[in-house]
Enquirer: 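Below are the structure tokens for one structure; questions will follow.
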Amino acid sequence: MQDVKDSRSRAAGYMVLLLVGGLLVLGWRVGVAGRVARANESPVVTTAVVGDVIVGAAAAAEPVAAINAPVLVDIALAPAAIPQTFVGHKPEHSFTIYRVERGDTPNGIADKFGIQATTLLGGNPLLSEESNLLQTGVDLVILPIDGVLHDVQPGDTLESISEKYGIPVETIVGYAPNNLEFPYRLYPETQILVPGAVRDVFVWTPPSLESVRGRSTGSGVTPLIVGTGTFIYPVNSRNFTQYFWYGHPGIDIALGEGTSVVASDTGTVTFAGWNIYGYGNLIVINHGNGYETFYAHLSGISVVPGQIVYQGNVIGATGNTGNSSGPHIHFEVRINGAQDNPCWYVGGC
């Protein structure tokens with residue numbers, strides 16, 4: 001009987017142990033499920049302001065997957081505009097090209113196109129550098145209005161061009177083909193037409209009579225002689241290839257190289273040699289009465305500075321030196337330093 005009681009007691013104990021074990025397993029599963037649920041919930045964040053810094057109490061909370069984090073876009077300030085470089089329009093000119101015909105003169109060509117003769121120089125600066133350029137077959141640029149076609153150089157401004165030619169900036173801007181618009185940018189290697197301007201012509205000044213008066217031909221006496229006041233042609237030819245005008249301060253007479261050149265009047269030689277300003281071999285005679293005569297592009301020189309020569313004396317030979325495009329003589333007459341038309345002094349041309 002006692003054995004039956006002991007067996008029942010052990011069975012009851014086993015049942016209690018199983019019940020307790022089941023409860024433990026159930027409690028463990030419930031706890032794990034609770035932690036998973038809390039992990040999927042958004043944390044509650046409390047913040048506090050300390051000075052200008054916002055401190056969050058959830059800083060130590062478990063991280064939330066980055067894929068769920070909101071993306072913040074700052075639209076408080078508009079983005080800065082992208083700077084753009086100003087690109088202006090370059091000049092767009094339209095010119096007429098005229099081929100010089102036999103018998104043409106600067107004034108005659110200018111009259112054909114309703115412009116001033118000085119404007120021929122404004123569009124063709126080489127006319128003042130090569131004395132025999134205005135001849136049959138040469139192409140000239142004819143500007144549509146009176147003025148100067150200025151070659152824009154690095155550093156040029158409208159103000160500097162205005163000052164150079166004495167023309168207001170507004171006049172230059174107002175000429176439509178220049179295509180000038182604010183901020184008026186100029187482009188090197190382009191050309192701006194300056195309305196109403198006149199191109200300067202360089203004038204070389206020879207040595208003064210006083211600078212050579214102490215040099216004589218051997219007598220030891222300071223040379224001082226006054227011309228007759230009349231002038232003769234320096235060569236025995238009347239084959240004119242260019243006449244006197246603003247861009248050409250003398251007359252050109254074509255003839256064979258080596259032809260004798262004579263003094264147009266009596267005077268003292270003040271220059272005899274190579275001239276670097278386009279004249280080539282040059283002789284200058286001061287006539288002691290305010291007049292000077294020039295004989296340029298020579299092939300030979302027969303006098304020296306300080307030498308007295310008389311009207312008709314041979315002083316050199318014609319040539320093709322300096323800025324010259326063919327054998328000829330360039331002859332000038334100056335009165336008190338001013339260039340004058342030689343035709344008025346040698347009996348006409």
Side-chain angles (χ1 to χ4, degrees), residues 128-132 201-218 222-235 237 242-253 255 257-324 327-346 349:
S128 65
E129 298 176 13
E130 188 160 336
S131 63
N132 204 32
V201 176
F202 173 75
V203 178
W204 176 73
T205 302
S208 65
L209 182 61
E210 288 72 21
S211 68
V212 299
R213 283 181 61 184
R215 304 168 64 177
S216 68
T217 57
T222 299
L224 179 61
I225 193 168
V226 178
T228 66
T230 62
F231 297 87
I232 63 174
Y233 272 98
V235 293
S237 173
Q242 189 169 185
Y243 296 93
F244 177 89
W245 64 292
Y246 173 78
H248 183 255
I251 57 175
D252 290 343
I253 304 174
L255 68 174
E257 188 169 343
T259 303
S260 294
V261 176
V262 302
S264 184
D265 193 14
T266 299
T268 303
V269 176
T270 56
F271 185 90
W274 181 262
N275 178 276
I276 64 173
Y277 298 104
Y279 286 109
N281 287 323
L282 171 69
I283 295 173
V284 179
I285 299 176
N286 188 306
H287 302 286
N289 51 10
Y291 287 101
E292 294 173 290
T293 50
F294 286 55
Y295 313 78
H297 307 306
L298 305 176
S299 62
I301 295 175
S302 306
V303 294
V304 296
Q307 180 177 339
I308 293 176
V309 293
Y310 294 91
Q311 188 179 64
N313 287 166
V314 174
I315 57 176
T318 58
N320 189 29
T321 59
N323 289 345
S324 173
H328 71 288
I329 183 173
H330 173 82
F331 177 62
E332 289 184 27
V333 175
R334 296 188 186 183
I335 174 66
N336 296 323
Q339 298 162 319
D340 211 346
N341 189 346
C343 293
W344 296 346
Y345 299 94
V346 294
C349 296

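Basis for what follows: all heavy atoms, side chains included, without hydrogens, waters or symmetry-related copies. All residue numbers refer to positions in the sequence shown, counting from 1.
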Enquirer: Does S260 reach the main-chain N or O of V314 with its side chain, forming a donor-acceptor pair under 3.5 Å?
Expert: no
Enquirer: Is the shortest side-chain heavy-atom distance between C349 and I251 below 4.5 Å?
Expert: yes
Enquirer: Taking all non-hydrogen atoms of both residues into account, name the closest pair between S264 and Q311 and its distance.
Expert: O-NE2, 3.0 Å
Enquirer: Would you find a donor on one side and an acceptor on the other, under 3.5 Å apart, between the side chain of S299 and the backbone of T318?
Expert: yes
Enquirer: Would you check if the side chain of Y279 reaches a backbone N or O of H330 as a donor-acceptor pair within less than 3.5 Å?
Expert: no
Enquirer: Could you grab the distance from atom CG of N313 to atom CD1 of I285, nearest 0.5 Å is fine?
Expert: 8.5 Å
Enquirer: Does a side-chain heavy-atom distance below 4.5 Å link I225 with T268?
Expert: yes
Enquirer: Can you confirm whether V201 sits close enough to Q339 that some side-chain heavy atom of one is under 4.5 Å from a side-chain heavy atom of the other?
Expert: no
Enquirer: Please identify each residue that fulfils ring pair (Phe, Tyr, Trp, His ring centres under 6.0 Å) with F231, with sequence neighbours left out.
Expert: H287, Y291, Y345
Enquirer: For a 4.5 angstrom cut-off between non-hydrogen side-chain atoms, does F294 reach P249?
Expert: no
Enquirer: If we count only N and O atoms by modelled type, under 3.5 Å, do the side chains of D265 and T228 hold a donor and an acceptor together?
Expert: yes
Enquirer: Of all residues at least two apart in sequence or in a different chain, which pass the ring pair (Phe, Tyr, Trp, His ring centres under 6.0 Å) check with F244?
Expert: none
Enquirer: With sequence neighbours excluded, what pairs up with T321 under the side-chain contact (heavy atoms from CB on, under 4.5 Å) test?
Expert: W274, N281, H297
Enquirer: Calculate, to the nearest 0.5 Å, the distance between atoms CD and CG belonging to E332 and D252 respectively.
Expert: 9.5 Å
